[in-house]
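Heads up: the structure comes next, in structure tokens.
In what follows, chains are A, B, ... by sequence order, proteins preceding strands, each numbered from 1.
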Amino acid sequence: MTILTFTLIIFLGSMLAGFLGSLTGLGGGIVIIPMLSLLFGVDIRYAIGTSIVAVIATSSGAAAAYVKEGITNIRLGMFLEIATTIGAIVGAFLAVYAPTHLIAIIFGGILIFSAVLSFQKKVHFIKNEPATGWAKALKLNSNYPDINGNKIDYSVKNVGGGFAMMWVAGILSGLLGIGSGALKVLAMDNIMKIPFKVSTTTSNFMIGVTAAASAVVYFQRGYIDPGLCLPVTLGVLIGAFFGSRILTRAQTKGLRIVFAIVITILAIEMIYNGATHRL
Amino acid sequence: MKNYWQDKNIEVAIGNLLRWGVILSSLIVFTGGIIYLANTGGTVPDYKTFHGLLLPYHSFSEVLSGIKDLKGEAIIQLGVIFLIATPVARVAFSIIGFAWEKDILYIFLTLIVLCIIITSLALGVKG
């Protein structure tokens, strides 16, 4: 295969990954790693390095749209970034020293977990209680505008638990080269009980910075290869752009199921190949 | 509390910063890609084995000297560096918003996040 053919095939695959990732809300990174390692036999360390760059690209691209809606809780995001960035560095160093077959197995597990989570029924929490403890000290309670422009106040619960969960999300992001958006939303929805409109955008706000913290480690360790970053970054960006354009119109339920099945198959292959030391 | 973030459209400015960061990085990666594909013939590099630092362009100085020689790979890596810097620039930019609100606590927390990233930059160098 010539470099041009290889680059074009990876480009088209990444475009599809970015498109589906943005339609289903699972992100592009989660398909890039199995695509590169299982389909093209790329070493998982190159796959991780390429994926983290794609994650930064898509989250920054999406954030531009989210930020306009004005529902990101910037204070909450900034505070939790302390946990996710420290976690990301720990994760990136674990990745440097952990055996690759073990990383493949953990990746497969997280893949299944994320697919299951994407079906979880969204419970829309709006608690409005006076702030106490950490939420008060850190001024985390806030409000967001509803469709009619009315301000809806909400409070943030269990700050310590959310912070700890974010640290774990950061470690997984750094270890596996993914955004771990699913875990971040889980921490904010289920532990901190904030409205999911706010948690989705705030999670995206944190993904780019978290990924950047581990990307600087990966870059200097030779995980980030230009020949792979070229087709993957551009492909994922274009795919995600079109995905977000039709997101409001398309009926995504059927697509979600197909995508979840594909992801589960990929996950099983990752775990199998990891267990048999082929990755 | 005054909501500077929404009232003064600083969020819109941050959104634009991110958008332009991504567009600029993509253009650099694309330019480098054209040069890379035009100059590099032959078969696909061996990605099955991990070469780590045996291959060039994994530090800022290597990337810069590669750009001087108009190496496509070096230009792509510069685009990647810009891309990584984009969300970090957003964090740095947030300090302005918090400073406007005179929120010392959050200026401090933002600086901590920046310090963590700088630390990872320093720790990332293979010793």
(Q) Report which part of A:I82 has an atom under 4.5 Å of a heavy atom belonging to chain B: side chain, backbone, both, or neither. (A) both
Q. At a heavy-atom separation under 4.5 Å, does B:V29 approach chain A through its side chain, its backbone, both, or neither?
A. both
Q. In terms of heavy-atom contacts, does CZ of A:F6 have more than 12 from other residues, nucleotides or ligands at under 6.0 Å?
A. yes
**Q.** Structural part of A:I52 lying under 4.5 Å from a heavy atom of chain B
**A.** neither
Q.
Considering only residues two or more places apart or on different chains, which pairs with a residue in residues 73-99 of chain A satisfy ring pair (Phe, Tyr, Trp, His ring centres under 6.0 Å)?
A. A:F79-A:F163
Q.
For the backbone of A:F40 and the side chain of B:Y47, can you confirm whether one donor and one acceptor N or O come within less than 3.5 Å of each other?
A. no
Q. Excluding sequence neighbours, so at least two apart, what forms side-chain contact (heavy atoms from CB on, under 4.5 Å) with B:N39?
A. B:I35
Q. Is any side-chain heavy atom of A:D43 closer than 4.5 Å to a side-chain heavy atom of B:T49?
A. no
**Q.** Part of B:T40 lying under 4.5 Å from any heavy atom of chain A
**A.** both
Q: Select one option (side chain, backbone, both, neither) describing which atoms of B:L105 are under 4.5 Å from chain A's heavy atoms.
A: side chain
Q) Most heavy-atom pairs under 4.5 angstrom with chain A, which of B:T119, B:V113, B:I117? A) B:V113
Q | Atom group of B:F50 that falls short of 4.5 Å from chain A, counting heavy atoms | A | both
Q | B:E101 bridged to A:K139 by N-O distance under 4.0 Å | A | no
